[in-house]
Amino acid sequence: MENYGYTKTENTGNQQSNIPYRSEKKIPAALLGILVGWLALNKFYLGYTREGIIQLVLNVVTLGAASVIPFIEGILYLFMSDKQFDDTYVYGKKGWL
């Protein structure tokens, strides 16, 4: 089974791995939100097409003032743990803050 850009660690039976949990999508999503959030690329990168389109429309309607939302999201992504990020945005599919 493919992992689609993220690594999920599961305890299979009595085996436990000592490999730390690492999210493959956290850093790119955070950088996209901070640097080019006005294009909603962080939403599209995480697979949230509807939310990305809404963000683009908001940016056009508010003349770019709504681009503060992905900037804040990008900062929040950076301060989350990798496990919390994946549980919330990759597996949980939470589209907004």
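The shown structure was predicted, so the numbers you read here are calculated from the model rather than taken from an experiment.
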**Summary of salt bridge (Lys or Arg N to Asp or Glu O under 4.0 Å) pairs that have at least one residue in residues 26-36, sequence neighbours excluded** = Lys26-Asp82

**Item:** Residue pair Tyr48 / Asn42, side-chain donor-acceptor N/O under 3.5 Å
**Value:**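 Distance-only check fails for Tyr48 and Asn42.
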
**Request:** Assess the side chains of Ser67 and Asn59: does a donor N or O sit below 3.5 Å from an acceptor N or O?
**Result:** no

**Item:** Shared hydrophobic cluster for Val60 and Val57 (ILVMFWY, side-chain gaps under 4.5 Å)
**Value:**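 No: no chain of side-chain contacts under 4.5 Å links Val60 to Val57.
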
Less than 3.5 Å apart, which donor and acceptor atoms pair up between the side chains of residues 29-40 and the rest of the protein, not counting sequence neighbours?
none

**Donor-acceptor contact below 3.5 Å, side chain Lys43 vs main chain Thr49** =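 No; judged by distance alone, with no hydrogens or angles, the pair does not exist.
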
**Complete:** Here the ring pair (Phe, Tyr, Trp, His ring centres under 6.0 Å) pairs for residues 59-78, sequence neighbours left out, are Tyr77-Phe85, Tyr77-Tyr89

Enter the distance from [X]:[atom1] to [Y]:[atom2] here, rounded to the nearest 0.5 Å.
X	Y	atom1	atom2	answer
Leu46	Glu73	CG	CD	9.0 Å
Asp87	Met80	CG	CE	10.0 Å
Gln55	Ile53	CD	CD1	12.0 Å
Ile69	Ile54	CD1	CD1	11.0 Å

